[in-house]
Every structure is written in C-alpha cells, then in structure tokens.
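Structure first, commentary second.
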Amino acid sequence: RQAAFRTDLSTLLDQVGTGKESLSFMKRRIRRLASQWATAAYRLDIKLHRRWREQKKILVHVGFLTEESGDVFSPKVLKGGPLGEMVQWADILTALYVLGHNLKISMSVKELQGFLGVPPGRGSCPLTGPLPFDLIYTDYHGLQQMKQHMGLSLKKHKCHIRVIDTFGTEPAYNHEEYATLHGYRTNWGYWNLNSRQYMTMFPHTPDNSFMGFVSEELNKTEKRSIQQNKVRNMAVVYGKEASMWKGKEKFLQILHRYMEVHGTVYYETQRPPEVPAFVKNHGLLPQQELQQLLRKAKLFIGFGFPYEGPAPLEAIANGCIYLQPKFHPPHSSLNHEFFRGKPTSREVSSQHPYAEQYIGRPHVMTVDYNNSDEFEAAVQEIMRLKVEPYLPYEYTCEGMLERVHAYIQHQEFCSPEAPFPPVNASRVWPGGPFTRLPNSTLLGWAGNSTALPCWPPLSALRLMVSAEGQSCVEACQSSDLVCEPAFFRFINNKEALSKLEIQCEVVELEMNHIFPAYSVTRGECGLQKETLLFSCAGFSAKYRRICPCRDFRKGQVALCRDCL
Ligand code: UDP
C-alpha cells in the first residue's frame, strides 16, 4: 500500500490517549505544531516528486511511560523534570503519522501484548506467528519489556526494532560478548543490535542513526518582528530545576551587572533558595509561553546542566544567542556521574556540543566559565551583537520528515548482509584539496556501486586513514565528511589496505572495535571479524584506523547527497 501524507492530526491525538500529564504535554505540543507539520508535508511531497512510498505497519511502544517501568517521568512533567524525551516522542509519533504510515501506539505492557498478539500473563510467551509489524519503535525500557513478554521470538524479530536512545550506544557496548570481555558492559547496552538501530536525539554518534526532534520555524514576518522587539539586556537562564542553579551565584552576579535575568524554575510556594532575589522567575512555563519569553530575550544562558536538551535550539530559533560553558576536560562516562554507565565513550566538550559544533558563532558562544573575564567579555559582546533567528534544516518539521522517510524506506537490518565485495578504490584527488592533512589519506571509490544494494549508495564512500589515537568520527570530520558505518563492510579487506598503500607484515582477523586499522610501528594490520563491532567511535593510540567516510547534505547530516 502507498503511504499518503496526512495533515489532519485528530486521529493521532485520539490515539495518544489521556489521563496523564505526560500525554497532555505531548498532545499540546502536537496541536501547537500541527500547521507546521502540514506545511512541511506539503513541501516534502513536492521535493520527492510525489514519489510512491510504501506504507509500513508501525508499532510505537513508549517504554519509559509505562506503569511497568515505574513511569517516573509523568509526575515530573509539571515540576521541571526532563521534558526533552516527551518532546522527542511527540515529534516521532507525529512524523510517522504525517508520513502516512499505519501506526499503533502502546504505552503499557498490556497494550504491547495485545498488538503483538501475545497471550497476556506472566513469563515469556513466545510469539509464534509472524510479527504483525514492519517496524517497532521503542526505548531501552520497552526493549526489556519485549524481552520479558516475547521471550525467544525477540531474537528472531529484533531486526525490526528501533531504539530511541537519547545519548546513543556505541558498538563496543552493544555487543554482549565483547562488552563483557573488555569492560564495556553497562546497564543498558549488550543487545547485539545493529548499532544503526539505536536512534539518538542529536547527530553525535554516527554509529547510531540520528532521529532528532523539531523546533518551531519562523516565517519572514515573524523573524523581522522578533528582531525589532528584542530587549538588548534581557537574559533567560537555561535550567528549569532549582538544582541546576546551585553554585552559580558568581556568574549570575556578573550577568546581573549588565542584564535583567529571567528564569523558568519550577517552584511550589516560595522562590527556591538557589535562585537569587534579583532574578525574575516565571516558574515553569508552558512551551508556548517559553517561546514568547525567548522571542524577547537576547541571551539564553546555560550553566552546564542539563546536557544536550532541546531548549537551546528553541532559543536560537527565536533569535537568542546561546552562551554555554566549555568543559575542560570534557565530560564522559569516565569522569561524570551523569554519563556513568551510559553505553558511550563520547567526550562531551560543552553543555551542548551540537550547538557548539554545528551552529557556532554568532548564535552560540562556548566559553571557559572558570575565567570570569572571558565570561564577562562574552556577555558584553552578546549585548552588542545582532543575530537572526536560526534553525538548522534537520530540526525543522520538513527536515525531520525527510530523514525519517529516508530511514523507513531504505534502512534494512533483516536480510543477511551481502558478502564483502571486491574493492576497487582509486585515488580521486591525488594531491587535491586534502593534502593539508598529512596524517590522513583520502580515497574516492570507483567500485561497481550500482550492482550492490546499499544505502547510503556506495558512490558516496570516501576512504580515509585516521591519525593514531583518532577515531573515524574525527578523521572524517576533519575532511568535512561524516563516518558512515554502513560502508565498513566494503573496506574491511586486504584490497582496501593495499589500495591505501599500507604495508602489512601480518594481517589479523579479530573481534576488535578498533578494526579495520593498522599499527605503523609494528607493521600489523587488523581486519574486523564481527560486523556488529564496526565502529566509527573506536580509537586507540596504537592504531591508525581505516575509515569509511561520506558526504552529507548541508543541514541534514544524516543523509548523503544521493541518499534521498
Ligand atoms: N520547557 C518548557 N517550559 C519551561 C522550560 C522548558 O516547556 O519553562 C520545555 C522546552 O520548551 C523544551 C523542553 O522543555 O522543549 C526540554 O527542555 P530542556 O532543554 O531543558 O531539556 P530536558 O532536560 O528537559 O530534556
């Protein structure tokens, strides 16, 4: 069946259900953004030349909102608890619905069992028949519940599952045996999925797929009126929970010398002691009212927590400059409680690395808060700067629809992967634009790309060698490309090594998330034995990695130029 774009969201709103604050929050958001989604659907339909798209049967099981997982979120919705997840789930549901798929929504184990056709009851009751869905979107809680209630059949059907996973899961943590043997075991990982089945909130780990969410887009008239009505000396603090303000008096004092400071901190009866008296605290605001506040403000300022939420994008989209602390050393699962036990080795360089790396000045300023002079100078500069509202395409409704559409039509983890094809790489830019990178080699791909079913198309592949200690994420980035894990299987062979003119005394085939790679000093080359361990994120001081990079669309890093 063909999927037809939908613009009337009333059926979706009914499907979401009622009775919990989390559901009301999501429904308010869906309603508020309905017209934006409709315009986006119309535009994307034209962009895709009204192409035929297959309608998929999709189940969305929101594990963290089920009573069975304890549902710790719903009671916090009105108290400043994490709303980012709720924002993202609302947008995922809307995107799938607007794209015209056949959608079922489950928010309890009972509903899950009903949709899967598993008889209710305790213990694992394997689902015997075929899976009644093409795709299941869930989270780690939901995955656990499916394991309990689908038993053995989960293994058989897991290629249909997509896991919404805010901060991402790297291959080394995902592979059960490897994680256990090499100290990567966490509370979350070890599901042996293809790492691209994990979908993140920001495009931080190319090993995973970037799902994202949306932020409101402004038209020309709105943009102009916002710019005219900006209050030069008005700042809003990022942090809706009082604890996020703790120990920040010094910065607030400096800021207050120049600006009127506003906050949206949840409180019950009295001002929380962490929030100084000079701060105009509005209490936790409904999303729409927060937008209004951001439209007037010049500065949106972060103090280090929460990490990587939606709010800075909303602020920038409403014409604020986002000021945030640089983390030196970067925060990671090794040195910070929040990331401890999360299945990622990622080093977080600031409160919002996406804002820092993908947006940057003049919309985003990332400074060392330990240096009061630097902090003060940034505040002064912000008051002088004029910026326009800005929203990266990938965070618009159209951008999200485009990306999710591409994933649904092209990502396939169920059929066994084709055997590694022979490599036929040739240098396309000898001494070309990348010669300023002495430590890396870049090759284009002259393979027979059309013969192989592959998405992204193989024509996008650019082969690179990283420096020692550098991951493929960084190596590709340094050439303005992005690491593409789907391509590892094409470059994990001796032909690629010889095309790169790498001299190997020995070639090992091993389960190692650093491989394919080679050690210069020892003349040792390593190829990957386990496809699940292909990792963009992996790095080692002893090895130079062989990296599959690709191009990407401006403002839509998840998709290569020929990916649509
Ligand atoms: N938000 C809100 N009212 C407020 C402050 C924030 O509705 O007073 C919303 C905001 O619009 C954003 C969401 O909360 O979409 C998540 O914000 P944040 O970046 O703080 O991320 P979180 O830590 O909640 O995931």
Side-chain angles (χ1 to χ4, degrees), residues 21-33 36 64-65 72-92 94 139 164-168 200-202 204 211-218 235-245 261-268 271-272 275 279-297 300-318 320 322-325 331 338-339 342 348 350-356 359 364 391 395-397 400:
E21 209 41 62
S22 46
L23 304 182
S24 315
F25 178 90
M26 290 201 274
K27 282 164 81 166
R28 278 198 298 275
R29 179 171 176 85
I30 295 171
R31 266 191 222 106
R32 187 164 61 83
L33 295 175
Q36 299 230 337
F64 81 101
L65 290 180
V72 289
F73 275 54
S74 297
K76 288 191 184 167
V77 168
L78 295 178
K79 298 188 176 183
L83 296 177
E85 277 79 357
M86 235 73 82
V87 164
Q88 194 186 22
W89 279 105
D91 294 351
I92 292 169
T94 318
D139 53 14
I164 304 304
D165 172 17
T166 309
F167 295 98
T200 57
M201 188 118 170
F202 288 93
H204 40 53
M211 170 56 83
F213 58 93
V214 304
S215 188
E216 213 164 335
E217 209 180 346
L218 306 170
V236 176
V237 174
Y238 182 18
K240 48 192 157 38
E241 262 182 52
S243 62
M244 298 165 181
W245 294 57
V261 186
H262 293 246
T264 63
V265 186
Y266 167 77
Y267 64 95
E268 248 146 45
R271 169 186 295 273
V275 179
V279 173
K280 202 167 160 14
N281 186 21
H282 302 260
L284 188 74
L285 291 175
Q287 283 205 304
Q288 190 152 22
E289 286 174 43
L290 176 68
Q291 302 279 333
Q292 296 309 323
L293 193 68
L294 293 171
R295 282 179 188 202
K296 283 205 271 169
F300 189 63
I301 178 169
F303 286 129
F305 196 82
Y307 296 109
E308 307 187 303
L313 289 191
E314 294 165 4
I316 297 162
N318 282 297
C320 298
Y322 173 52
L323 177 62
Q324 62 162 355
H331 295 184
F338 181 84
F339 288 106
K342 292 207 169 30
V348 178
S350 58
Q351 183 172 6
H352 206 296
Y354 177 87
E356 180 187 359
I359 304 179
V364 180
L391 181 63
Y395 283 97
T396 63
C397 294
M400 181 161 179

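Order of listing sets the numbers, starting from 1, for every ligand and every atom in it. The basis for the numbers below is simple: all heavy atoms, side chains too, and nothing from hydrogens, waters or symmetry mates. Numbering starts at 1 and runs along the sequence shown.
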Begin from the C-alpha positions of Tyr354 and Tyr395 and carry the test ring-ring contact (aromatic ring centres under 6.0 Å, His included) through to its verdict. CA-CA 12 Å; Tyr354 177 87; Tyr395 283 97; 5.2 Å; yes

Donor-acceptor contact below 3.5 Å, side chain Asp165 vs main chain Thr200: no

Examine distances only and state if a side-chain atom of Lys79 and a backbone atom of Tyr266 form a donor-acceptor pair shorter than 3.5 Å.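 No; zero donor-acceptor contacts below 3.5 Å.
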
Between Arg32 and Gln288, does any side-chain donor sit less than 3.5 Å from a side-chain acceptor?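 No pair is found: no donor N or O on one side chain lies under 3.5 Å from an acceptor on the other.
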
Distance-only criterion, 3.5 Å: show the donor-acceptor pairs between side-chain atoms of residues 300-317 and protein atoms not counting sequence neighbours.
residue: Tyr307; atom: OH; partner: His331; partner atom: ND1; Å: 2.8
residue: Tyr307; atom: OH; partner: His336; partner atom: ND1; Å: 3.4
residue: Glu308; atom: OE1; partner: Arg346; partner atom: NH2; Å: 2.7
residue: Glu308; atom: OE2; partner: Arg346; partner atom: NH1; Å: 3.2
residue: Glu308; atom: OE2; partner: Arg346; partner atom: NH2; Å: 3.2

If every non-hydrogen atom of Ser215 is compared with every non-hydrogen atom of Gln36, which pair is closest and at what distance?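 Between these two residues, the closest heavy atoms are O-OE1, 4.3 Å.
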
Are any protein N/O atoms closer than 3.5 Å to the N/O atoms of ligand 1? If there are, list each pair with names and the distance to one decimal place.
residue: ligand 1; atom: 3 (N); partner: Leu285; partner atom: O; Å: 2.6
residue: ligand 1; atom: 7 (O); partner: Leu285; partner atom: O; Å: 3.3
residue: ligand 1; atom: 8 (O); partner: Thr264; partner atom: OG1; Å: 3.1
residue: ligand 1; atom: 8 (O); partner: Leu285; partner atom: N; Å: 2.9
residue: ligand 1; atom: 11 (O); partner: Gln287; partner atom: NE2; Å: 3.0
residue: ligand 1; atom: 11 (O); partner: Glu314; partner atom: OE1; Å: 2.6
residue: ligand 1; atom: 11 (O); partner: Glu314; partner atom: OE2; Å: 3.3
residue: ligand 1; atom: 15 (O); partner: Gln287; partner atom: NE2; Å: 2.8
residue: ligand 1; atom: 15 (O); partner: Glu314; partner atom: OE1; Å: 3.4
residue: ligand 1; atom: 15 (O); partner: Glu314; partner atom: OE2; Å: 2.5
residue: ligand 1; atom: 19 (O); partner: Tyr238; partner atom: OH; Å: 2.7
residue: ligand 1; atom: 19 (O); partner: Pro310; partner atom: N; Å: 3.2
residue: ligand 1; atom: 19 (O); partner: Ala311; partner atom: N; Å: 2.9
residue: ligand 1; atom: 20 (O); partner: Lys240; partner atom: NZ; Å: 3.3
residue: ligand 1; atom: 24 (O); partner: Leu83; partner atom: N; Å: 2.7
residue: ligand 1; atom: 24 (O); partner: Gly84; partner atom: N; Å: 3.2
residue: ligand 1; atom: 24 (O); partner: Lys240; partner atom: NZ; Å: 2.6
residue: ligand 1; atom: 25 (O); partner: Gly84; partner atom: N; Å: 2.9

